[in-house]
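Since the structure comes first, as structure tokens, the remarks are kept for the end.
Proteins get letters first, then strands, A, B, ... in listed order; numbering begins at 1 in each.
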Amino acid sequence: MTENILVCTAWPYANGDQHVGHMAGSLIPADIFARYHRLKGNRVLMVSGSDAHGTPITVKADAEGVSPRDIFERYHQRFLDTFISIGISYDLFTHTDTENHYRVAQDIFAACLNNGYIYKAAQQQFYSAAQRRFLPDRYIEGTCPKCGYDSARGDQCDNCKTLLEPTELINPHAKEDSSTLELRETEHFFLDLAALKDEIAAYLNEGKDFWRPNVINFSRNYVKDLRGRPITRDINWGIPIPLEGYDSKRLYVWFEAVIGYLSASIEWAVKEGEPEKWKDWWYQPQAKTIYFMGKDNIPFHSIIWPGELIATGRSLYNDNPEQKMNLPYNVASNEYLTMTGSKISTSRNFAIWTLDILERFDPDAVRYYLNAVAPETRDTDFTFEDFITRNNNELVATWGNLVNRMLGFAYKRFDAQVPQPGELDELDREIIAKIETGFNEAGQLIEAVKLKAAQQAVMKLAQAANVYLDRKEPWKVFKNDKEAAATTVYVILRVIDSLKILFSPFLPFTGQQLHQYLGYSGKLFGQSCKEECSEGERSHSVLRYRAENVVGRWKASQLPAGQTLQKPATLFKKLDEELAEAELSRLLGDSS
RNA sequence: UGCGGGGUGGAGCAGAGGCAGCUCGCCAGGCUCAUAACCUGGAGGUCAGAGGUUCGAAUCCUCUCCCCGCUACCA
């Protein structure tokens, strides 16, 4: 049965480039998952976008003296390039500064308000008379009450790491111009999470035992003590409140960014020319919605986003009272990737930027390694040494070499054709059967979001294929019995053809290459393309997935004898171990 | 402070009551079609520490130490 699968990845702040931590933590896992389901024949919708709002964007804009829009548009473009380069196959990657997203976010706000889940309350906040505005905590500086550090920020002291309230600071003043501050009362809208608590708890207690322990345990505990949370701020960069008289306030980014999953799905459907199609993922009860993110982001996906949907009544843009909008089916959070033992830091420029590493290494090599060390259950460490070792010993030696030796052998000895097999013996049938069971085994692991184990299982099958060759020794047999060798070569080509598919969610680029070497035409997957979209006032660039001429299917090879092979070339490059040293000094040099 | 996750041979990870497993590295042997690649065998661990439950504990319970995240204005 065809399933509808919605694959979501957390919306990245567009205030800096994407690094390998983003890739290993959520994008590559999500992409593997999406590609697998497409091969399976399921209907996949994979969406995300750049988060245009939020304090980090304005901080960066202020630092450079440009507008927040300039900042996020710059990085948004670079995100699109990054995803094309490493093959993150979004059906739509958009951003939150679109009219569509504004409308959906405002509609959700209005629905929550109408249902009584949003209330108003006054807060005391620091106001700068000189700047004539309320200041976000990040913009307030003062002396830390704990350690006496005199440049502590309103949210945290960078010296002693204590989390602070701005009112705790001694001598608080504006960071930007040192202007004095006064506490003023300001009214804000709050999402009434306390009132939603029971329904969120019921959701988390219903059939969620397959969720990862870090997510479900944390969430179930978190929901025990839910309080109202402000969803507006006194700033001018963001989405306006859809009510009269609140011109100086905007929707706070944590409320609005998660709404992007829905607004992006709607945008996608409109672009497809079937504006109602998004409902196949959001209103069909059997549809599965999977969210990928880093561990810092868990409560926004397991508590707050479900809470927002419940607060709308789960019936937005839908007339059928029988249907309820789908809450997240799975929240698949990863832990963190560290860099040679240290935390990755965008602000300290201590990171391997995805675009940068792809200038020197192939995307599949990077994808393979990042999935092999993905932080599925704990923090894991990226080292260049390990990257090179795994590339050389696993990708090149076990898989790449298997392909290279046998495609080369068939090309040279069998006239560049898939040879006609004779009768299959026990070893032949055994290896074919073994690879065929791999489709089930790897498929189940991927569906359970155990992507490291899945990749490892496929690599073990490649190893089994090498063992088979060692038993059959076609290069030796060929000298006396060309027909027996032909059978072996046929069997191994068929095995390689199956492994091509098994590896392809992980290694889509070389999978396509191999597909052609084996003499096939067509594409295993669709293509990612940039597109410019105009709305009423503005236009924006997006990434879309075009599935034309796609033939990839998650099933065992039926390689036809006689098919003409293309002249093969190596799929993976062996990397010099000295590159590790060079990359490391590059990294350390960059961060100083 | 509280909450959640994690700590397993040299490296990276799996296992969640029944002889401690996988990939890589290392050592020895085999093979030569292949990117010095492939195959076979071997060495290497008191499962962070202490106590407990059990016929039996990496696995369950208690305490301690260490790392990471959250702790509500860093989504």
Side-chain angles (χ1 to χ4, degrees), chain A residues 10-13 15 51 53-56 59 123 125 134-140 153-156 163-166 188 193 212-222 224-230 233 235 252-258 293-301 304-305 333 335-336 338 341 343 347 372-383 385-386 389-390 392-394 396-398 400-410 412-413 450 452-453 455-457 459-460 463 465-471 473-476 478 485 489 492 569-574:
Chain A
W11 289 55
Y13 273 137
N15 69 329
D51 185 344
H53 307 128
T55 319
V59 168
Q123 287 188 312
Q125 275 183 9
F134 287 95
L135 293 185
D137 292 359
R138 282 263 187 122
Y139 286 71
I140 298 169
R153 292 195 320 239
D155 58 340
Q156 180 177 9
L163 296 176
L164 298 169
E165 291 295 321
H188 280 296
L193 288 166
R212 293 185 180 168
N214 58 343
V215 179
I216 195 60
N217 292 340
F218 177 79
S219 302
R220 282 177 180 159
N221 185 63
Y222 194 101
K224 288 178 191 158
D225 181 29
L226 277 180
R227 283 175 266 157
R229 195 171 158 140
R233 313 184 74 176
I235 48 172
Y252 186 29
V253 66
W254 69 258
F255 176 81
E256 158 261 297
V258 285
M293 77 223 62
K295 63 175 157 182
D296 55 324
N297 222 332
I298 293 171
F300 294 95
H301 293 82
I304 287 172
W305 178 226
S333 170
E335 302 284 309
Y336 277 170
T338 57
K343 199 175 157 173
S347 56
V373 299
E376 283 183 359
T377 58
R378 71 184 78 164
D379 291 357
T380 53
D381 196 35
F382 181 114
T383 68
E385 211 178 322
D386 193 39
T389 304
R390 280 174 174 275
N392 291 352
N393 293 321
E394 298 175 33
V396 174
T398 303
N401 188 49
L402 169 71
V403 172
N404 189 42
R405 65 205 289 219
M406 281 300 114
L407 253 56
F409 190 75
K412 271 186 290 193
R413 305 286 184 220
K450 295 185 173 181
K452 297 168 75 156
Q455 182 172 268
Q456 209 177 342
M459 192 54 83
K460 284 201 92 162
Q463 219 165 50
N466 277 317
V467 173
Y468 164 80
L469 275 186
D470 209 61
R471 303 259 188 284
E473 300 182 301
W475 47 90
K476 208 181 260 181
F478 182 83
V489 170
I492 199 70
T570 53
L571 294 177
F572 308 100
K573 294 191 195 85
K574 184 160 175 158

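Within 4.0 Å of A/D155, counting heavy atoms only, lie sugar-phosphate atoms of the nucleic acid but no base atom. Across all strands shown, A/T338 has no heavy atoms under 4.0 Å from either base or sugar-phosphate atoms. At a threshold of 4.0 angstrom between heavy atoms, the contacts of A/A257 with the nucleic acid are absent. Residue contacts for A/M459: at a heavy-atom cut-off of 4.0 Å it reaches no nucleic acid atom on any strand shown. Nucleic acid contact for A/R413: none, since no nucleic acid atom lies under 4.0 Å from a heavy atom of the residue. When heavy atoms are screened at a 4.0 angstrom cut-off, A/L407 is found touching no nucleic acid atom at all. Using a 4.0 Å heavy-atom distance criterion, A/F572 is classed as a base contact. When heavy atoms are screened at a 4.0 angstrom cut-off, A/N392 is found touching no nucleic acid atom at all. A/T570 comes within contact range of at least one nucleobase, with a heavy-atom separation under 4.0 Å.
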Grab the N/O contacts between the protein and nucleotides 65-68 of chain B below 3.5 Å, and write none if there aren't any.
from   : atom 1 : to     : atom 2 : distance (Å)
B/rC68 : O4'    : A/D379 : OD2    : 3.3
B/rC68 : O2'    : A/K295 : NZ     : 2.4
B/rC68 : O2'    : A/D379 : OD2    : 3.0
B/rC68 : O2     : A/K295 : NZ     : 3.4

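Which of B/rA72, B/rC39, B/rU35 sits closest to the side chain of A/V396 comes down to B/rU35. The side chain of A/F218 approaches B/rC70 more closely than any other nucleotide in the set B/rC24, B/rU35, B/rC70. Nearest nucleotide to the side chain of A/D296, out of B/rU35, B/rC70, B/rC24: B/rC70. The side chain of A/V467 sits closest to B/rC39 out of B/rU35, B/rC39, B/rC33. Distance from the side chain of A/N221 is smallest for B/rC3 among the nucleotides B/rC24, B/rC3, B/rU32. Of all nucleotides listed (B/rC74, B/rC39, B/rC70), B/rC74 comes nearest to the side chain of A/R138. Among the nucleotides B/rC39, B/rU35, B/rG69, the one closest to any side-chain atom of A/R471 is B/rC39. For A/N401, counting side-chain heavy atoms from C-beta on, the closest listed nucleotide (B/rG5, B/rA14, B/rA34) is B/rA34. The side chain of A/N217 has B/rG5 as its nearest neighbour among B/rU35, B/rG5, B/rC39. Each of B/rC24, B/rA72, B/rC31 was ranked by its minimum atom distance to the side chain of A/R229; first place goes to B/rA72.
Remark: A/S219 is not in phosphate contact with B/rG4, judged by side-chain N or O atoms under 4.0 Å from OP1 or OP2. Distances shorter than 4.0 Å separate some side-chain N or O of A/R378 from OP1 or OP2 on B/rA14. Applying the 4.0 Å criterion to OP1 and OP2 of B/rA37, one finds that A/N404 has every side-chain N and O outside that range. Proximity of A/K574 to the phosphate of B/rA37: a side-chain N or O atom is located under 4.0 Å from OP1 or OP2. Taking side-chain N and O atoms only, A/Q456 has no distance below 4.0 Å to OP1 or OP2 of B/rG15.
For the atom pair A/R229 CZ and A/H188 NE2, the distance stands at 14.0 Å (nearest 0.5 Å). The NE2 atom of A/H53 lies 12.5 Å from the CZ atom of A/R233; values are rounded to the nearest 0.5 Å.
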Stepwise side-chain contact (heavy atoms from CB on, under 4.5 Å) test for A/M293 and A/V215
CA-CA 11 Å; A/M293 77 223 62; A/V215 179; over 6 Å; no
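Residue ring and nucleobase are not stacked for A/F409 and B/rC33 under a centre distance beneath 5.5 angstrom and an angle between planes beneath 30°.
The separation of B/rC27 from B/rG10, taken at their C1' atoms, amounts to 14 Å, rounded to a whole angstrom. Rounded to whole Å, the P atom of B/rG49 lies 48 Å from the corresponding atom of B/rU32. Look at the C1' atom in both B/rC19 and B/rC55: the space between them is 15 Å, to the nearest Å. If you take atom C1' in B/rA28 and the same atom in B/rA43, they sit 10 Å apart, rounded to whole Å.
A/N393 has its CG atom 18 Å from the P atom of B/rC22, to the nearest Å. Separating the CG atom of A/N466 from the P atom of B/rC31 is a distance of 18 Å, rounded to the nearest angstrom.
Side chains of A/I492 and A/L402 form a contact here, defined as non-hydrogen atoms less than 4.5 Å apart.
At a threshold of 4.0 Å, the pair A/E335-A/K295 counts as salt-bridged, since one of the basic side-chain nitrogens sits closer than that to a carboxylate oxygen.
Closest of all the heavy-atom pairs between A/N392 and A/V396 is O-CB, 3.5 Å.
With its glycosidic angle more than 90° from 0, B/rA11 adopts the anti conformation.
Not a single donor-acceptor pair, N or O on each side, falls under 3.5 Å between the base of B/rC24 and the side chain of A/R390.
Taking the nucleotide of RNA chain B with the nearest heavy atom to each of A/D386 and A/L226, the more 5' of the two is matched to A/D386. Residue whose closest nucleotide on RNA chain B sits further toward the 5' end, between A/E376 and A/K460: A/E376.
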